[in-house]
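The chains referred to below are lettered A, B, ... by the order of the sequence lines, with proteins before strands, and numbering in each begins at 1.
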Amino acid sequence: MSLTDGLNIKQSEAVTAPDGPLLILAGAGSGKTRTLTYRIAYLISERYVNPYNILAVTFTNKAAGEMKERVMSLVGDDADRMWVSTFHSACMRILRSNISLLGYDDRFTVYDTDDQKTVMKNVCKRLNIDTKRYKERSILSEISTLKNELIDPAEYEKEVIGDFNKTVYLRCYREYQETLLKNNAVDFDDIIMLTVKLFREYPDVLERYRERFRYILVDEYQDTNTAQFEMIRLLADKYRNLCVVGDDDQSIYRFRGANIRNILDFEEHYPEATVIKLEQNYRSTQYILDAANAVIANNYGRKEKRLWTENKSGKKPVFNQFDTAYEEAEFIVSDIKRHSRSGECGYGSCAVLYRTNAQSRIIEERLINAGIPYNVVGGVNFYSRAEIKDILAYLKVIDSGIDDLSVRRIVNVPKRSIGNATLEKVQDYAESRDKSLFAAMCEASDIPGLGKAASKISVFTDLIAVLRAYRDNGTLGELVERIIELTDYEEYLKDMDDEKADDRIENINELVSKAASFSESRPDATLSDFLEEVALVSDLDNADMESERVVLMTLHSAKGLEFPVVYLAGMEDGLFPGYMSISSGDEEDIEEERRLAYVGMTRAERELIMTAAKARMLRGETQFNPVSRFVSEIPSECIDGYVPRRRNDPGDGYGTRRRVDEMARSFTRSVEKKPAPKPSSGMGSFAAMGIRKGSDKVSAPAELDYSVGDRVRHFKFGAGTVTSIVKEPRDHKVTVDFDAHGVKVMYASFAKLKKE
DNA sequence: TTTTACTTCGTTTTT
DNA sequence: CGAAGTAAAA
């Protein structure tokens, strides 16, 4: 029995490819993750690569965790010594032990987008920049672009000459970086850029990591930006064992600096590279693939590939247009209900995907109304909610106190009657002595002109001192509880707004338990470790796809996931593709949206249902949008339901007055014709919409040919006895007591277990 | 210093 | 439409 059993020819070629650069072009659903995981296992068990020498980079922390676990179930706990993480976590780890070389204290913190905005606001104030002309947001996005391109202020200065706007950006960039440095903070982009800077300026450090990471594997390579590319290039240049996996058709992060050329030009960077294409799809039905292929074929400059499948043709994708977004939501919900009632599939098999987070609300309302359990992934990140950020700010101040931003955030929360006036005085004092704000506050009594305010401040500093004692003598969970207790935080929330207070308290409790479980799982971890984890974890990482709930999320979040039944809501020009990408005139923007459509469609295993609304409320006003061009790009033989014909000239005055009037007229006409859409009893019209009753079996995980008590054989661990099998929606978790290696828990689909 | 009432403004997408 | 920011009042 060998590691490549059960893989197709292309997959096993990829798994067993020789050393050196390797590009795996993996279409949607072609077993990309599986191949990458097996490649790692192969390197360890067949080529005797020390796991210590392996670095694998994935897109989310969750994907990293799963990959590691799966490799471990193939080759054993030894694999624990490899690094499997996101770019950001990997770079954080590198910076933690080396950042002092770059002039930062190694207890640095990470600023999120809110923090960045606060800093930029102050920067603009200091530089007397009119934030009406130059919005903080756009300055920050300019800086972000620069950082992703590895352009530091000195470099930027060269291209600024003669361009007034750029001169302004440059001044902000400088001041912003200085402020961050003063506060011992880095932003998301810095994490990567500083790592590259470290490698470039300290060859000995680079050499150390090169020696360590002789084998590098990168997932979702199409979404890497220039800084990430450079970081990997520097590390991989010596041994050149770089394996990248990706799909140029699924590159959807251009707005965040992702450079699609990184994957398109891989062979130019590494002429000796082996290139393998995985085109067999194991996920979707032929109809769904045909539809998706037809859409993506409209993009230029892609690496030609044609997904195919052995799956039976299944149901055609369906499209439906409704008069309003409300009816659209109503339809989706009743369709989900219908699926579940007919026993076709549970709620957990259904996902509703949309372009913008704002769309979730209306669908949520209908789901609540129908009593269907659901989960929303994304939206406002848990850790960026105001109440959570307050507590985290306390933790940061307790942890170091170097970060003025956090001090300012909580110094008067809850109210301690410490206002801006006094804070300014303390700030002046701090600046004149080159101290941090908090350090100055500790000497409040020495600061002239404070008067009674000085005692108010010492109340605050005393509080922090007390809390620090708790940090040193208790668990993290307890510390968080003490903060809430000593600040009367719950009282503060209740007084503030009665509407959301309960939710907020709920969130606070959630944080307490998160803190508690963190210190439980990593007993020797410090407060800094917790803060770091919190900064880098996304909602996607915590999303639970296992429970039997309908999942709602953006198309971006859905990348890498799959669901038996997928709803794509809001298929309208102006929403998807977004208004911005249509009016920018840049065809690249539309292409990115098209890739997003491709990603969305290929998430579906068995059924794909696309919907649109003729009229939709968008930021206060009703918009009339035509059906998305992406829907029209699907050949009619691959889609059921009426797709209104688009005009032949696509770029025609989208959004012009005349066009909108016309659409508004036809809208009222259609509403008048059928004044009672009776949406909730919509079952009757489904047949007309082209949805037939399915005969497919529920997609439970494939049955296993062994059960508890059976003797099984693992290709590496040898013989053992199955002690338990836990069925999860996605997979079976099998526990085996191996004769020679003891008890292991593993995923059935990954661990190659054979009944003896 | 804090509260209130008013204006403005904006929307992709996320590590 | 709603959040968030600003100006004026208490």
Side-chain angles (χ1 to χ4, degrees), chain A residues 57-64 85-92 110-114 116-118 121 131-132 135-138 141 144 147-148 186-193 220 223-225 227-228 251-258 353-362 377-381 383-384 386 412-424 452-453 456 495-497 499-500 532 534-541 553-559 570 574-584 589 592-593 595-597 599-600 616-623:
Chain A
V57 183
T58 63
F59 197 68
T60 62
N61 294 296
K62 193 181 186 180
S85 63
T86 61
F87 272 104
H88 293 271
S89 322
C91 289
M92 273 303 270
V110 180
Y111 277 0
D112 67 11
T113 24
D114 280 346
Q116 290 180 278
K117 220 173 135 196
T118 316
K121 203 187 264 168
T131 50
K132 288 256 151 58
K135 308 237 163 60
E136 292 97 332
R137 252 184 129 270
S138 44
S141 97
S144 172
K147 287 183 176 178
N148 288 331
V186 301
D187 64 22
F188 276 112
D189 303 313
D190 282 334
I191 294 175
I192 314 291
M193 190 172 81
E220 308 282 13
D223 286 320
T224 51
N225 62 37
Q228 291 164 336
S251 166
I252 54 174
Y253 285 101
R254 201 166 76 106
F255 70 93
R256 191 169 87 187
L353 310 182
Y354 36 76
R355 181 65 235 272
T356 63
N357 278 121
Q359 287 168 258
S360 76
R361 215 176 197 148
I362 188 160
V377 178
V380 199
N381 190 317
Y383 293 107
S384 48
N412 204 27
V413 174
K415 300 269 182 298
R416 296 187 183 89
S417 322
I418 303 173
N420 238 326
T422 43
L423 223 46
E424 282 313 308
K452 320 183 269 264
K456 304 263 176 63
D495 292 346
M496 211 165 51
D497 58 46
E499 285 293 307
K500 297 209 146 192
E532 176 177 326
V534 156
L536 296 179
V537 88
S538 78
D539 261 20
L540 204 51
D541 294 321
M553 65 179 119
T554 63
L555 288 154
H556 282 88
S557 306
K559 193 175 67 161
L575 188 64
F576 185 34
Y579 174 75
M580 293 293 204
S581 57
I582 294 172
S583 54
S584 78
D589 286 345
E592 170 124 334
E593 299 271 317
R595 290 192 290 268
L596 198 51
V599 168
R616 170 183 308 271
M617 273 287 245
L618 208 57
R619 56 174 190 274
E621 57 180 344
T622 309
Q623 297 223 319

* To do: Would you check if the distance from the ring center of Phe59(A) to the ring center of Tyr253(A) is below 6.0 Å?
  =>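 So the answer is yes for these two rings.
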Can you tell me how far [atom2] of [N] sits from [atom1] of [X], to the nearest Å?
| X | N | atom1 | atom2 | answer |
| --- | --- | --- | --- | --- |
| Glu593(A) | dT13(B) | CD | C1' | 8 Å |
| Asn225(A) | dT14(B) | CG | P | 16 Å |
| Arg416(A) | dT2(B) | CZ | P | 12 Å |
| Asp114(A) | dA4(C) | CG | P | 9 Å |
| Met617(A) | dG2(C) | CE | P | 8 Å |
| Lys121(A) | dC9(B) | NZ | P | 14 Å |
| Leu423(A) | dT2(B) | CG | P | 11 Å |
| Asp190(A) | dT15(B) | CG | C1' | 13 Å |

Distance check: side-chain N/O of [X] vs OP1/OP2 of [N], anything under 4.0 Å?
| X | N | value |
| --- | --- | --- |
| Arg137(A) | dT11(B) | yes |
| Asn412(A) | dT2(B) | yes |
| Thr60(A) | dT15(B) | no |
| Asn148(A) | dT15(B) | no |

* Applying a 3.5 Å limit to both distances, which nucleotide forms a Watson-Crick or G-U wobble pair with dG10(B)? ->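 Pairing partner: dC1(C).
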* **Base partner of dT6(C), which must satisfy Watson-Crick or wobble distances under 3.5 Å** =>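 dA5(B) - that is the nucleotide pairing with dT6(C), both distances being under 3.5 Å.
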Which part of the nucleic acid, if any, lies within reach of [X] when heavy atoms closer than 4.0 Å are counted: base, sugar-phosphate only, or nothing?
| X | answer |
| --- | --- |
| Asn357(A) | sugar-phosphate |
| Thr422(A) | sugar-phosphate |
| Phe576(A) | nothing |
| Ser557(A) | sugar-phosphate |

* Asked: Does the side chain of Lys456(A) reach to within under 4.5 Å of the side chain of Arg416(A), using non-hydrogen atoms?
  ->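 No, their side chains stay 4.5 Å or more apart.
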* Would you say Phe255(A) stacks on dT13(B), if stacking means ring centres under 5.5 Å apart and planes within less than 30 degrees? ->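 Ring-base stacking flag set for Phe255(A) and dT13(B).
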* Asked: Counting side-chain heavy atoms from C-beta on, which of dC9(B), dT13(B), dT11(B) comes nearest to Lys132(A)?
  ->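 That would be dC9(B).
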* Asked: Any donor and acceptor pair, going by atom type alone, linking the side chain of Glu593(A) with main-chain N or O of Phe576(A) inside 3.5 Å?
  ->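 Not confirmed, Glu593(A) side chain does not pair with Phe576(A) backbone.
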* Position toward the 5' end of DNA chain B (nearest nucleotide), Ser89(A) or Lys135(A) ->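 It is Lys135(A), whose closest nucleotide lies nearer the 5' terminus.
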* To do: Nearest-nucleotide wise, let me know which of Asp589(A) and Phe87(A) is further upstream toward the 5' end of DNA chain B.
  =>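 Looking at the nearest nucleotide for each, Asp589(A) comes out on the 5' side.
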* **Side-chain donor-acceptor contact under 3.5 Å, Ser138(A) with Ser141(A)** =>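 Checked: Ser138(A)/Ser141(A) side chains show no N/O donor-acceptor pair below 3.5 Å.
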* To do: Begin with the C-alpha distance, continue with both residues' side-chain angles, and end with the deciding distance and a verdict on side chain to side chain contact (heavy atoms under 4.5 Å, CB included) for His556(A) and Leu596(A).
  => CA-CA 7 Å; His556(A) 282 88; Leu596(A) 198 51; 3.4 Å; yes
* **Salt-bridge contact Asp223(A)-Arg256(A) (side-chain N to carboxylate O under 4.0 Å)** =>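 Looking at Arg256(A) together with Asp223(A), the answer is no, because their closest N to O distance does not fall below 4.0 Å.
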